[in-house]
Structure formats: C-alpha cells, structure tokens
Amino acid sequence: MVLELADIQGNILRGYSFPRAIHLFVAFPDADAGRRLLRALVPQVQTAARWDERPETALNVALTYAGLRLLGADDECLPGALREPIAQRAPTRLGDDLRTWRGELGRGKAHALVLLAGDGWAFAQRLRTLRTLLDEHGVEVGFEQRTEALADQREHFGFADGFGQPAVEGTDHRRAGQGEPEEYGSWRDIKAGEFVHGYEDEDAQTETAPLLRNGSFMVYRKLEQDVERFRSYLDREADHYCATVGVNHGTDPDTAHAYARELVAAKLIGRWRDGVAVELAPERDPAEAHALRHESVGEPDNDFRYADDRDGRRCPVGAHVRRANPRDSARATAQTRRHRIIRRGMPYEEGDARGLVFICFNASFERQFETVQRLWCDDGNAFGLGRDQDVLFASGAGSGKLTIPGEPPHFARAERGLVTTRGCEYLLMPGLRALRALAEGGER
Amino acid sequence: MKLLDTLRQLTRGAGNQRWGAHSLLILAPIGDGAREDLLGELARCEHDSPLAGLAEVHFARWVVIDQLKTGFADAPKRPSRLDRPYLLFSADYTPAPGDGTLLERLAEVGAAVWNHCDGFPPDGPARVDYLAAHRCDTTLYYAGYPDATPARVKTAVARRDALTRFVLDHRDERDAATLQRAYLKEAARWF
Ligand code: HEM
C-alpha cells in the first residue's frame, strides 16, 4: 500500500514540530472570492511529501461545512457530525457548556482555517504576506489563535506530551507500542484509512468520494487549563496520600510530599511528567521527584501493554492515557484499533490564560474522537469504573472520585474546572486534488 | 414485505430470548415522503423520550435505515438495494409482571413515531398487530445484565453512588472502629 503523500496535507501523518503556529479562521465574502483565495493558497500548501531540507514555514488549509457548502462542494459524502452546527452538537455530544466558549470560534461564521507554522523572521514575514493576501481577497479573519511550544515538549500542566501517536501503515516513522498489539510482543501498524480517506481502514473499507480522498477530518478544540488549580489540587491529594498510603522510603517529609505529588500526578495521567510510562515504571526514586518536572527523556518508551495489569496496580485503569488508548485492555475496548486519533495539539498562552489547542485527525468524528472523549474520558462504564471520569475532564455527571489501586487504594477527589473548553470546530483538511477541484469548481 | 420474509426465513428458529434477556426487533417501511418528518420526530425524542417510561426496557432505539451498506470487503457480488427507507426499532428488555405486553405499550407510546410508517393503523388494537407483523427474530444481541430487571440495575447504581460518596466523605478517617460504625450506619440505609 502506497500513500499518495504529495496529495495529503502535511502535519497529519507526521508532526511538523515547529515551535510556533497561528490559526486563522476566515470567512469568504462570497463563493468566487473563496475560490480565488484557494487558488492562490493551493500552490503554497505544505504536503506530506518527504522534504530534503526542512522548510522554514508551512501552510495548510482546512474547511468547515459552511465553507464546503459555499464553494459548492458535493456534500453528499459528508457525515452528519460535520454538517451539524458545532455549537448545537457540542453540548449533546461533547458535554460542552456553551457559556464557557469565548469569541467567534465555533459560532458558525468561519468557512476555512488557514494554519501557518514556523519560527522567527521567516514566520513573521510569511504571516504578513498571508494577511495581505487575505485582505486582497476581501477575506475576513473572524478568529485567530496563536500557539507556542513549551520547552521539552511540555504542556501547561508540566507533562511531556505528543509522542503517544498511532503508527500508521505506509509511513516510516513508527515505533514499537504505537500500533495494534499483536502476539509475541509485536505491534502491527494501524491501517491508513483510519486517518486518511481513500485507503483501507481497520474494517477493510476503502470506499470514498473524490472530495474526501486523501483528506482527513480535523477536530479543533481550545482547552483552557487552570494551572494554579491543578497545582493546589495535587498538593491536597499529596497530603492525603502521605497520610493514608504513605511514601515508605524513610524519606524526610518534604521529599515524601514532593514525591507523592509527582506520584499522584503520574498515576492520574498515566505518564510521569518527563514522559516515562507509569505502566513501565510504577515507582521512581523519591529523590528524583523535582527533576522529573524539568528533565526531558526525548522519545519515551511506548512499548507497553495493559493486559497483565488488569486491576491497574501499575497504571490505574482510569488514567488519562490508559483511557484515551486502552491498547490491549479487555472489556468494551477490544476494538481499540477503531478508535485511535492522531494528535497535533499545541500549547497557547494569552495573558494569564494558558491552555492547549487540541487538534486531532481521524476518519470519523463519531467513531474516533467523540468515542474517546465521551465514552472513554467522560465516563468510566466502558472500563468497569462506573461514573469515574478522566482527571482532566471531571464534570457534574461524574462520580467525583478517582481510584489509584493499591494497598490501601487512594481515593482521589475529582476536581472540576481543571480544563475548560473555550470553543470547538470540526473541519475537513482536504487532499490537494480535492482542494484544487474546490478552487476551480463552479468557475465560469 | 419481501425483505421481512427473507429475514424471517434466514433467522427461523433463532430465539429472541437468552436467559432472562429478551430482545425485540421491528422493521417497518417508512411512508412515502415521510422520512424528514420522522427524523424531526426522532430528534424530539432525543430530549423527551417516549420510551423512558417503559419499566421493562433496558435499552431501546429507533434507527432510520436509508440504504444497505455495499462495497465492503466480502460484500455480496450482487448487492441488495432497499426500494425505500426503513425504520428499525430494537430493544432489550426484561418482561415486567402485570398487565399487557411490551408490544401493547409500545403501540401506544411510540405511535407518534410509527405513524410515519407505511400502513401503521390510525388507532386501535390493529396497531399492536402491525408491530407484531413487522417483528423479526433478532438472532444476535447483547444484554449487559441478562438476569436483572432495569429497576434492579438502577438500585444497584444508586447504591454504588452512595458508596462512592461514603468513601470520599470518610477518606480522612484514620480510626478503624469509627469508620466501621459510620459504614454500618450508612449501609443500613441501603438494604
Ligand atoms: C488540556 C487537555 C489535555 C491534556 C493536558 C492532555 C495531556 C496528555 C498527556 C500528558 C499525555 C501523555 C503524552 C503522550 O502520550 O503523548 C496524553 C496522551 C494522550 N491524550 Fe491527552 N491531554 C489532553 C486532552 C486530550 C483530549 C481532549 C483527548 C481526546 C479526547 C486526549 C487524548 C489523548 C491520547 C489518545 C493520548 C495518547 C495515549 C497513548 O497513545 O498511549 N487528550 N495527553
């Protein structure tokens, strides 16, 4: 199976790892202006084709349903999830409270999203050129978002992030532990059709429409993180942990507390802050606790499974990464391979507000992203955890507790408001041919 | 009707019951031009489901089937096409003691939905006959709790929530005897 890399947009199958990006949600004044702009942008779009020398900046384009309609796309092939206005869908399907949304993001006005990534002078220069181009076409920027990578691949809660990704068939940058677990410790790549339309997926389906071929559905969520609240939450849980479970290393109280903090954080997320998987290292040296927050291990080991850890004594069953990718855990998740997502999020900072622009790519919003968010993160039933929720997404619908199994177990309180959704958009990031067809379409 | 006959033939002999778990599947053709209205009615049901009051039902749903899926691996060489959209209803349930059958209750509470189906009688017991006539064997279905009634499941969930609250409220209690007394007092309310 050969992927048509030159027809697939960049950053889907392989992350750019640029330190900076800007996301411009734009509205076309009318269809013709939209097409003219697309014609100008298409030759600039960064594809997934291998580069000899890394470009200094990269530009990509995605379209909302409103944009696709305006451009006269044949929309028969588009799923309900994309058609439905996101402000209507998010409350029922994603549990969002629209009162927490801010600005124009997700308000139905945007037709397209132009993404520019890069750094330094080249980035600033290209952004200026891009803005001029938008102006010339009478295209208005309704919402814009800047993102900036933190040192050591961290997100704002202090965890190294971004390396837990599916290994995709036909790409050459996969690592053990990222695909589908098979016998004798081996891993099989996930079929490309789970992420890019027009290739075989895990259900052996390849059928697609020209509009979707080599395209991918994109989830865009602005998630604000309350860093202060997370910090004090961990402090309280560490107090409790020290008093009940205890840190039995003959360590002095300060070190014990610092370690308990790191341990609780790691058990709830499923990775230590430096990225090491809790499943592989359920304990660390308490003296290391402080260092975990600053040291980087580059590419942490991903080669682990959960089947031998049914009760979650090593990595709790309800830990964020174990929910989001249960690998070979039993129960309702036997079909993990049909619910994988490629994450391309990046941190942002706006004054006091910090957070993650969560971006993910999948072939089906419902089966992949929404299933992971709703059934696996926002509820525990699929894992035999009742109403326990992911530590990051605690809400009124949850049990209010999280369990760290052990002797004795630690029952953590769930803290609401750690992560708040500020807006959401569903888009299609089309293949190059489809983008060109849209740019030419209906032209007289 | 040909589709229903074929289905019946294919599934003849297969049961709609495994242990205490019963299954109900009804497949009815949607009336000409009624599809959009039906979707509107179903959207209303999402907020205020007429099925919510059926004590014996664990899980139930209506699904509009526009067309059969074709083009998948091992699909039949000559794919069947539906000549019209169908409304599928499926439920798993534990029969409740007392008067009437589930079909009777469904014909009443679900009338606003099945009204959009071809030939659904305007009123009367004929509606129950209609649903019975459009029933198919299920053959393969899933029941989370084959031996428990929905009421028992709900009670169990409520107790689990109460236990969770108890655990959180008492997680700082270090004295075993005090904790035990509190637990016995709390648990006495559950049984
Ligand atoms: C502010 C919100 C979030 C934070 C702070 C966060 C944090 C993390 C961290 C620290 C990791 C481990 C690093 C890695 O595997 O790359 C991770 C992994 C992951 N997260 Fe999140 N996450 C957030 C939101 C989400 C959301 C909304 C989803 C999807 C619904 C999600 C799905 C995943 C998945 C699939 C993995 C990889 C698991 C694996 O393959 O083992 N995350 N996240």
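Treat the numbers as computed from the prediction; the structure is a model and nothing was measured. Order of the sequence lines sets the chain letters (A, B, ...), proteins ahead of strands, with each chain counted from 1.
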Q.
Looking at B:E108, I'd like to know if its CD atom is crowded, meaning that more than 12 non-hydrogen atoms belonging to other residues, nucleotides or ligands lie closer than 6.0 Å.
A. no

Q: Heavy-atom distances under 4.5 Å only: say whether B:R160 touches chain A with side chain, backbone, both or neither.
A: side chain

Q.
Take a 6.0 Å sphere around CD of A:E76 and say whether it holds more than 12 heavy atoms from other residues, nucleotides or ligands.
A. no

**Q.** Heavy atoms of other groups near B:Y183 OH, more than 12 under 6.0 Å
**A.** no

Q: State which residues pass ring-ring contact (aromatic ring centres under 6.0 Å, His included) with A:H240; sequence neighbours excluded, sorted by chain then number.
A: A:H410

Q.
Tell me every residue that passes salt bridge (charged side-chain N to carboxylate O under 4.0 Å, His left out) with A:E415, counting only those two or more places apart in sequence or in another chain.
A. A:R229, A:R236

**Q.** Heavy-atom proximity to chain A below 4.5 Å, by part of B:D161
**A.** side chain

Q) Under the side-chain contact (heavy atoms from CB on, under 4.5 Å) criterion, do B:T164 and A:R387 qualify, and how do the steps go? A) CA-CA 10 Å; B:T164 300; A:R387 275 196 254 268; over 6 Å; no

**Q.** CD/B:Q180: more than 12 non-hydrogen atoms of other groups inside 6.0 Å
**A.** no

(Q) Does anything in residues 261-269 of chain A reach chain B? List residues with heavy atoms under 4.5 Å apart, or say none. (A) none

Q | Shortest non-hydrogen separation from A:F411 to B:L168 and the atoms involved | A | O-CD2, 4.3 Å

(Q) Would you say that more than 12 heavy atoms from the other residues, nucleotides or ligands in this model lie under 6.0 Å from the CZ of B:R152, or not? (A) no

Q) B:R174 versus A:T244: any side-chain heavy-atom pair under 4.5 Å? A) yes

(Q) Do B:R171 and A:R413 make a side-chain contact, defined as non-hydrogen atoms from C-beta onward lying under 4.5 Å apart? (A) yes

Q) By side chain to side chain contact (heavy atoms under 4.5 Å, CB included), which residues pair with A:P210, not counting sequence neighbours? A) none

